[in-house]
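Within every chain, numbering begins at 1; the chains are lettered A, B, ... in the order of the sequence lines, protein sequences first and strands thereafter. All figures in this text were calculated on a predicted structure; none of them were measured in a lab.
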There are 2 protein chains.
Amino acid sequence: MVKLSKKADYGLIAVRHLSQGETGKPSSAKEIARAHGMPVELLAKVLQKLVKQGLLVSHHGAEGGYALAREASSMTAFDVIRAIEGPIFITSCVTVRGECEQAPHCTVREPLSRVNEVLAQALSSVRISDLGGGLPPLVQLEATK
Amino acid sequence: MVKLSKKADYGLIAVRHLSQGETGKPSSAKEIARAHGMPVELLAKVLQKLVKQGLLVSHHGAEGGYALAREASSMTAFDVIRAIEGPIFITSCVTVRGECEQAPHCTVREPLSRVNEVLAQALSSVRISDLGGGLPPLVQLEATK
DNA sequence: ACCATATACGACTATTTTAGTCGGATATAG
DNA sequence: CTATATCCGACTAAAATAGTCGTATATGGT
């Protein structure tokens with residue numbers, strides 16, 4: 001199956017969430033998780049990865065939380081996914097260094113890596129700021145509590 | 001991880017393999033598997049799926065095997081992957097009918113489905129005939145025996 | 001007719017990946 | 001000092017994937 005992991009999903013959703021709120025005010029993991037019905041602990045780990053990769057900034061303590069480290073328009077879906085999942089390769093044949101683990105006789109590496117490139121480029125073309133829609137209704141924030 | 005399953009890999013490799021040989025002559029699963037170092041039984045199942053989806057034609061018995069059902073130029077990576085994996089959705093949020101399983105309050109459905117579309121389109125843009133490279137050297141065919 | 005070679009198909013196991021949970025450490029605002 | 005956060009690692013559970021095995025069926029060649 002060609003799909004994003006839930007972690008990547010959560011990451012994209014969270015980053016988009018942060019791109020919508022007021023810029024100065026950070027959102028806590030709990031807040032984001034509740035707004036979208038995700039398990040808090042899992043989302044927290046995702047957010048921490050995004051911090052470590054420099055996409056988000058965090059603030060400890062009460063009234064703390066997470067915020068975008070830079071403009072939503074300069075951040076792509078590719079950035080977020082890669083930060084969460086590590087280097088992205090689509091085909092199993094291609095490793096981090098772009099090499100095939102099998103012997104050099106592998107002639108499919110080159111053709112399949114083209115699929116890789118196309119997909120990577122597609123993901124890079126999606127800016128976080130392009131992910132429209134509003135924040136979920138407040139009803140939800142209460143209901144999930 | 002955003003990646004194709006091995007099955008999808010095998011499928012793409014096999015289809016490409018078939019697109020390279022002489023058009024009339026079918027290739028057996030064993031032949032293809034050996035040429036690329038895949039488990040025969042697994043590849044066989046993949047090929048059978050491709051037949052069932054109408055991408056390949058098969059021929060039983062000795063001198064039998066598989067062949068493309070139509071031109072390599074009219075077949076895309078998307079076709080092959082979808083035939084193997086079923087309907088493709090990238091984000092976990094989007095189901096077959098494009099609906100979110102969660103309540104309608106889900107506001108991320110629409111934005112994330114954009115990621116879906118972009119990737120699907122990217123895969124559709126890759127024609128099998130675009131996957132260049134030659135067939136593996138004959139050495140390999142012997143060595144793997 | 002017989003046999004070697006194929007596809008076709010389902011059941012099964014093993015492995016890996018993913019998802020989710022838990023416990024505790026550290027930082028910070030009020 | 002306490003409530004609220006991030007942070008981080010270890011752990012378990014569940015699901016998807018990869019691979020295996022057995023068997024039935026079709027077909028070309030001898």
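Atom CZ in B/Arg34 sits about 10 Å away from atom P in C/dT5, given to the nearest Å. Note: CD (A/Gln48) to P (D/dA10) measures 15 Å, nearest angstrom. Distance CG (A/Leu4) to P (D/dA16): 16 Å, rounded to an integer number of Å. When rounded to the nearest whole Å, the span between CG of A/Asp9 and C1' of C/dA19 equals 13 Å. Rounded to an integer number of Å, the gap from B/Tyr66 OH to D/dA26 P is 15 Å. Going from atom CD1 of A/Ile13 over to atom P of C/dA19 covers 12 Å, rounded to whole Å. One interatomic measurement links the two molecules: NZ of A/Lys25 to P of C/dA29, which rounds to 17 Å at whole-angstrom precision.
A/Ser58 places a side-chain heavy atom less than 4.5 Å from the side chain of A/Tyr66. Side chains of A/Leu12 and A/Leu4 form a contact here, defined as non-hydrogen atoms less than 4.5 Å apart. By the 4.5 Å heavy-atom criterion applied to side chains, A/Leu55 and A/Val51 are not counted as neighbours.
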Subject >> Contact letters for nucleotides 19-24 of chain D, in which S counts primed atoms plus P, OP1 and OP2 and B counts the base, heavy atoms under 4.0 Å >> reply: BB----

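For DNA chain C, the residues of residues 51-64 of chain A within the heavy-atom distance limit of 4.0 Å (strictly under) are A/His59, A/His60, A/Gly61, A/Ala62, sorted by number.
Rounded to the nearest 0.5 Å, atoms CZ (B/Arg82) and CD1 (B/Ile84) are 12.0 Å apart. Rounded to the nearest 0.5 Å, atoms NZ (A/Lys25) and CG (A/Leu18) are 12.0 Å apart. Distance check: B/Leu50 CG to B/Tyr10 OH gives 14.5 Å after rounding to the nearest 0.5 Å. Once rounded to the nearest 0.5 Å, the distance linking CG of B/Leu131 with OG1 of B/Thr76 reads 10.0 Å.
Within 4.0 Å (heavy atoms only), B/Ala29 reaches sugar-phosphate atoms of the nucleic acid but no base atom.
Listed by chain and residue number, B/Arg70 satisfy the side-chain hydrogen bond (donor to acceptor under 3.5 Å, both in side chains) test with B/Ser74 (two or more places apart in sequence, or in another chain).
Applying the 4.0 Å criterion to OP1 and OP2 of D/dT4, one finds that A/Lys30 has every side-chain N and O outside that range.
Without hydrogens or angle criteria, A/Asp9 side chain to A/Lys6 main chain gives no donor-acceptor distance under 3.5 Å.
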